[in-house]
Each structure stands twice: as C-alpha cells, then as structure tokens.
Amino acid sequence: MLFTRNLRTSRRDEMIDITREVASIVSKEDIREGLAVVYCPHTTGGITIQENADPDVKHDVLMRLDEIYPWEHPKYRHAEGNTASHLKAITTGSSQTVVVQDGKLLLGRWQGIYFCEFDGPRTREYVVKLIKG
C-alpha cells in the first residue's frame, strides 16, 4: 500500500512534524504489525526521526546544519545556487522506516517523524509505504 501526501513549506529551512499524518494512514489501513517506510522524493528535502517535545531541538538542528553547510560558499559550483540544500538532504537522508506494532508506530516517547525542507518555500510531497508483517 502506497500513499502520497502533499505539504506546503513556508521557509527555506524547516522541519515539519508529519507523525500524526503517518499514524493516521497506519490506523486507517488497519495495519496491526509491519513497517511504515516514509520517503522524500526530493533532492533538497529529507525525512528524519527526532525529538518532538521541545521545539528548540528543531531550531538547534537547523542552526547547526546552516553552520556546517552555509548557503553561500566561494567553492560551490552548482548553477542553481542551492548546494547547501543538497548537502543537508544527504545528511538527513531521504527515508525512515518505522516498526508498526499493535496498530501503532513504534516510536520512542519523545520521537516524531519530520519532513525536512532545505530549499523552500515549496509545495512538497512525501510517500508512505506500508508493509504488513
């Protein structure tokens, strides 16, 4: 079962919590045991699992990624001018796999699933693949 969801980002760099939407898909499809693979089909976005209790974590992650991969660098050669967004996406990764147990995403107490935007604002999509176990 494959599900595509759209979202609109509002900043160049942001992390959008998509945990509830992914959990809703699992619930509606009545998956009791299995896997949920969340995938980003964009080269300047990513999917990560991170703390979802303190919003300062998102701020700190994005701040450090900006420090590591500055938007402008004299040695960047990519003509579109968004090399930093590609590097951030490589670091974050394009997918995460979450175990489904007893009909729920098996996430830690403070964990959430995030769509990471690194070249916004844009209309984006992500894909959820459910695999029954």
Side-chain angles (χ1 to χ4, degrees):
M1 294 165 272
L2 190 67
F3 304 86
T4 301
R5 295 293 184 262
N6 295 301
L7 54 84
R8 178 78 186 150
T9 63
S10 60
R11 293 186 303 277
R12 183 175 72 196
D13 294 300
E14 66 182 303
M15 295 171 64
I16 300 170
D17 189 342
I18 59 172
T19 311
R20 285 187 182 156
E21 183 64 32
V22 176
S24 175
I25 294 169
V26 170
S27 177
K28 287 178 185 172
E29 294 302 313
D30 198 28
I31 302 295
R32 304 300 305 152
E33 307 288 331
L35 300 172
V37 180
V38 185
Y39 170 71
C40 171
H42 305 286
T43 61
T44 58
I47 302 291
T48 194
I49 294 175
Q50 195 45 255
E51 179 178 329
N52 67 353
D54 182 351
D56 287 338
V57 172
K58 293 190 303 185
H59 169 272
D60 294 350
V61 168
L62 293 173
M63 177 193 68
R64 286 295 290 141
L65 286 172
D66 267 345
E67 291 172 357
I68 295 166
Y69 306 117
W71 192 254
E72 293 181 17
H73 190 285
K75 293 184 180 180
Y76 287 162
R77 295 173 59 177
H78 183 44
E80 286 183 44
N82 62 351
T83 296
S85 61
H86 290 282
L87 294 168
K88 292 173 185 180
I90 289 168
T91 300
T92 303
S94 61
S95 68
Q96 293 289 322
T97 301
V98 182
V99 173
V100 176
Q101 182 176 332
D102 297 325
K104 296 184 177 160
L105 296 170
L106 188 60
L107 291 168
R109 180 177 186 169
W110 307 113
Q111 288 182 318
I113 305 167
Y114 287 90
F115 181 94
C116 300
E117 172 64 79
F118 299 122
D119 197 21
R122 294 177 184 241
T123 298
R124 297 291 201 165
E125 67 180 28
Y126 62 93
V127 177
V128 179
K129 172 70 175 175
L130 299 180
I131 305 166
K132 287 186 177 183

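Atom set for the values below is all heavy atoms of this structure, side chains included, hydrogens, waters and symmetry mates excluded. Along the sequence shown, residues carry numbers from 1.
Residue pairs meeting the side-chain hydrogen bond (donor to acceptor under 3.5 Å, both in side chains) criterion with at least one member in residues 123-133, sequence neighbours excluded: Arg8-Thr123, His42-Arg124, Thr44-Arg124, Glu117-Arg124.
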Next on the checklist: Quick one, Leu2 with Val128, criterion side chain to side chain contact (heavy atoms under 4.5 Å, CB included). Give me CA distance, side-chain angles, the key distance, then yes/no.
Outcome noted: CA-CA 6 Å; Leu2 190 67; Val128 179; over 6 Å; no

Next on the checklist: Assess the residue pair Thr48 and Met15 against the criterion (side chain to side chain contact (heavy atoms under 4.5 Å, CB included)); give the C-alpha distance rounded to whole Å, side-chain angles, the decisive distance to 0.1 Å, and a yes or no.
Outcome noted: CA-CA 9 Å; Thr48 194; Met15 295 171 64; 4.0 Å; yes

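Side-chain contact between Ile18 and Arg5 is absent, with no heavy atoms from C-beta onward closer than 4.5 Å. Residues Phe118 and Thr92 are in side-chain contact: their nearest non-hydrogen atoms beyond the backbone lie under 4.5 Å apart. Put simply, the side chain of Phe115 reaches to within 4.5 Å of the side chain of Ile47, judged on heavy atoms. Side chains of Ile68 and Asp66 form no contact here, defined as non-hydrogen atoms less than 4.5 Å apart.
Scanning for side chain to side chain contact (heavy atoms under 4.5 Å, CB included) contacts around Glu67 gives Met63, Arg64, with sequence neighbours left out. With sequence neighbours left out, the side chain to side chain contact (heavy atoms under 4.5 Å, CB included) criterion links Thr91 to Leu65, Tyr69. When the side chain to side chain contact (heavy atoms under 4.5 Å, CB included) test is applied to Asp17, the partners found at least two apart in sequence or on another chain are Thr19, Asn52, Tyr114. Among residues two or more places apart in sequence or in another chain, the side chain to side chain contact (heavy atoms under 4.5 Å, CB included) test is passed with Trp110 by Glu51, Ala53.
Using a cutoff of 4.0 Å between basic side-chain nitrogens and carboxylate oxygens, Asp119 and Arg12 are not scored as salt-bridged.
Between the CG atom in Asp60 and the CG atom in Leu62 there is a gap of 9.0 Å [rounded to 0.5 Å].
Residues Pro70 and Ala84 approach most closely at O-CB, 3.4 Å, considering heavy atoms.
Under a 3.5 Å cut-off, the side chain of Glu14 and the backbone N or O of Arg11 do form a donor-acceptor pair. A donor-acceptor contact shorter than 3.5 Å links the side chain of Thr9 to the backbone of Arg122.
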Side-chain donor-acceptor pairs under 3.5 Å in residues 95-107, sequence neighbours left out?
none

